[in-house]
Amino acid sequence: MPRIICPFCLKSHDFSRSLACTEHPEDSVPIAYVNEYNQAPPLWLALVGFSGVGKTCYLDALALTLEKISPIWRGMFYRLLDQYTIDTVRLMHVQAASVRPAKATTGPADVKPPRPLLIQVNKIPEAGSRCLVIYDTAGEVFGSLAETEQYMTAVLNRVSTTWFLVSLQDLKKDASGKTLMDLFNTYLTSTERLGIDLTDRNLIVVYAKADHETFTPEIKRYLQSDPYNGLTVPDTNFGDLMPFNFKDYMNEMGQISDLLEAYTHAQVDQGAAFISIVKNKGINLKFSLCSALGQDIRSESGQAQSHFRRYRVLDPFLWAISLERAYVATPIGMILDSAPESQFIYDDKFLSTLKDRLSDYGDITCYYLGQARAVSAPGLKLPPFPRFARSRLVGPVLDHEMSDQWRPFIIITAGKIHDLNDFGGSRWRDQIFVVNLIEELEQDWPHQMQYQSGDDVAIIANLLMDLKLRGTDHA
Amino acid sequence: MPKPQIQLDPTGFPMIWVEEIEAYIHWLPVTKIQFEYFLCSAPDSRFDAAWYDKLLQVNERVSPSEIRTGNYWGAFLTGIKPSEAERFARWCGQGYELPSQEQWFSSYNSTKRLAPIALEALDSAGPIRERCSRLLKQLDAVSRGEVPKVLGEQRTRADQMFFRMGVMEWVDTKGQRSRWGGMGQTNPTFHGSLFVPDHGRADLPIDPEKDDRLPHYGFRLICRSE
């Protein structure tokens with residue numbers, strides 16, 4: 001069974017014996033998620049936006065659209081993989097069936113770890129099958145991460161595509177003066193504090209409630225001309241809907257993205273600055289727009305939301321599908337001392353807590369100092385304290401590493417490492433972090449720290465990730 | 001001059017063909033870096049941390065970038081006993097063994113008649129790892145200066161290979177008083193000795209396995225298989 005990333009704790013696990021998440025044992029991973037992991041690999045998505053922007057409305061519109069689209073996307077079908085997702089989507093539909101608008105369901109109070117929706121979409125034309133793992137998070141959450149820092153680290157590190165839902169009208173009317181730049185800055189500051197590198201991630205700005213906006217005529221025409229806006233209206237004649245051509249549709253989306261970027265640059269408050277900072281960070285930026293309800297729900301039409309037409313709801317979803325690259329976890333090496341003085345780290349929670357923390361940033365492979373071969377692979381348990389003490393040598397481990405990919409090593413040692421200085425002038429200089437367990441033990445090495453029992457392990461993980469960010473900046 | 005024939009040993013360090021012995025011989029006495037590959041690839045409680053610490057006390061380790069004329073012997077593995085060197089040879093694989101006294105002497109005589117080579121020639125068998133490459137360059141630079149200074153002679157290929165000014169090297173004496181003897185010549189600063197290899201006679205420590213470790217004794221291997 002392949003190493004499968006759990007959607008709840010976002011770490012690799014072996015699910016061959018149990019479907020329970022090792023960190024949230026009350027949560028069982030759906031068997032379809034595990035069994036069909038290769039055929040429908042996860043597509044990690046975060047939906048971010050200020051409270052009231054319409055994130056839940058958008059998700060409802062997307063779910064409804066995916067439910068109804070199989071006559072257009074022949075062979076396509078979709079499944080809600082667990083009871084939480086089924087209940088959540090049903091609740092969205094119930095709200096959609098009423099006249100009153102759904103209340104915002106995510107807000108500043110929602111700082112506990114968001115549970116993802118698991119929606120498997122099979123046989124999307126020319127895009128295959130994916131399991132959408134969607135985290136719905138209020139933008140304000142990023143400003144109050146103290147309680148959820150570890151979890152959000154794992155989410156933000158894993159998610160390769162973020163939907164930024166923005167209502168320009170709401171921003172204009174906002175009494176506190178929030179801007180698009182504020183949303184991004186909050187998000188960016190949090191990711192930096194958590195040591196997450198956003199290079200090559202995808203950011204899709206979705207202008208929600210687009211029917212309210214005064215876009216250019218060309219953009220407006222695009223919005224209004226959505227050929228599938230009637231998909232979710234009861235009794236729609238699907239035969240009247242035009243066939244779907246993925247390539248043509250994506251081409252048009254690309255053109256609109258360029259137009260929206262130009263619009264943002266010229267017309268949106270701090271829009272130009274936003275575009276510059278995003279691109280400077282190496283983030284792949286696209287623009288989209290949608291109207292989840294097709295009209296102002298405050299209108300007195302009395303029409304049920306189930307009869308609303310929904311415009312360009314598929315666009316953010318299709319951007320996510322087409323931009324997604326296979327997630328490649330950063331391989332991180334943890335090299336452990338095997339001398340008697342270091343036994344205490346195997347006995348207390350230090351190693352397991354550190355491994356757990358580092359797993360938020362990548363896949364951990366464990367070694368002993370003085371042994372070239374790995375002793376534990378990603379997803380497996382920590383190795384035990386070894387039977388005999390090996391020499392404190394790191395060279396044969398490093399010399400086997402042929403790849404040029406940035407690969408950090410953290411070395412935990414209770415004594416001087418004999419050959420560490422051999423690498424001071426090499427590429428390893430800024431990829432190795434040494435944790436000294438003995439007071440006054442100083443290696444001649446630029447990146448190291450002293451650890452004492454009881455110290456916060458998170459500091460070690462953050463310092464290691466700082467190396468990565470420094471390395472990325474200098475690349 | 002014909003190009004030297006080179007192969008790399010299992011640790012990625014170069015060996016050079018010597019026609020007179022019909023075998024490859026290590027370019028240098030076995031270094032600590034090479035021996036550390038062995039320690040790390042085949043963990044053996046006989047060669048545990050305490051064992052290696054003892055050897056490093058006998059001859060302190062020096063990193064390639066820190067090699068100087070006053071410490072370069074720290075790159076070589078010394079203090080080792082013949083049976084331990086044989087263990088390393090077995091790990092290297094079929095055909096690897098300690099040279100006999102005659103094989104060592106023939107290799108020395110053969111190479112002392114030849115001029116030093118450009119280090120790039122050692123790359124011919126395949127890319128050499130960064131650490132090894134740095135070590136070769138630093139040691140080459142040291143021998144260029146030390147041989148004329150200490151020995152008052154022009155450097156030959158044998159000197160470039162540290163048959164002299166290196167360490168005493170274990171050789172199989174094939175049934176003399178003790179099975180194991182030593183050939184070579186150390187830098188007087190490292191270990192004072194009046195022994196010179198040109199006589200062809202081996203130094204004969206009384207009981208190399210039982211006695212205390214000899215801090216100036218290392219080894220190099222030959223390899224008969226290609």
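Just so we're clear, the structure is a prediction, and the values are computed from it rather than from any experiment. Note on naming: letters A, B, ... go to the chains in the order of the sequence lines (proteins, then strands), and numbering restarts at 1 for each one.
Heavy atoms from other residues, nucleotides or ligands lying under 6.0 Å from CZ of B/Arg144 number more than 12. The 12-atom threshold is exceeded at CG of B/Asp207, counting heavy atoms of other residues, nucleotides or ligands nearer than 6.0 Å. Taking a 6.0 Å sphere around CG of A/Asp455, one finds it holds more than 12 heavy atoms contributed by other residues, nucleotides or ligands. Annotation for B/Glu60: atom CD does not count as buried by contact number, only 12 or fewer foreign heavy atoms lying within 6.0 Å.
By the 4.5 Å heavy-atom criterion applied to side chains, B/Glu36 and A/Asp419 are counted as neighbours. Taking the side chain as every heavy atom from C-beta outward, B/Pro64 and A/Asp422 approach each other to under 4.5 Å. Side-chain contact between B/Glu130 and A/Ser426: present, with at least one pair of heavy atoms (C-beta onward) separated by less than 4.5 Å. With a 4.5 Å cut-off on side-chain heavy atoms, A/Arg390 and B/Phe47 do not count as touching.
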task: Assess whether salt bridge (Lys or Arg N to Asp or Glu O under 4.0 Å) is satisfied between A/Arg387 and B/Asp48, documenting all intermediate values.
output: CA-CA 11 Å; A/Arg387 284 180 297 111; B/Asp48 63 1; over 6 Å; no
Chi angles and distances behind the side-chain contact (heavy atoms from CB on, under 4.5 Å) call for B/Tyr52, A/His418: CA-CA 10 Å; B/Tyr52 196 50; A/His418 300 305; 4.1 Å; yes
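Side chain of B/Arg131 to main chain of A/Asp399: no donor-acceptor pair is present (N/O by atom type, distance under 3.5 Å, no hydrogens or angles).
Residues B/Asp53 and A/Lys416 are not paired through a salt bridge, judged by the lack of any N-O separation under 4.0 Å between the basic side chain and the carboxylate.
Note: A/Phe423 CZ to B/Ser65 OG = 11.0 Å, rounded to the nearest 0.5 Å. Residue B/Phe35 holds its CZ atom at 11.0 Å from CG of A/Leu393, rounded to the nearest 0.5 Å.
In this structure, chain A has no heavy atom under 4.5 Å from any part of B/Leu135.
For the options A/Gly425, A/Ala339, A/Gly424, A/Ala389, heavy-atom pairs under 4.5 Å to chain B are most numerous at A/Ala389.
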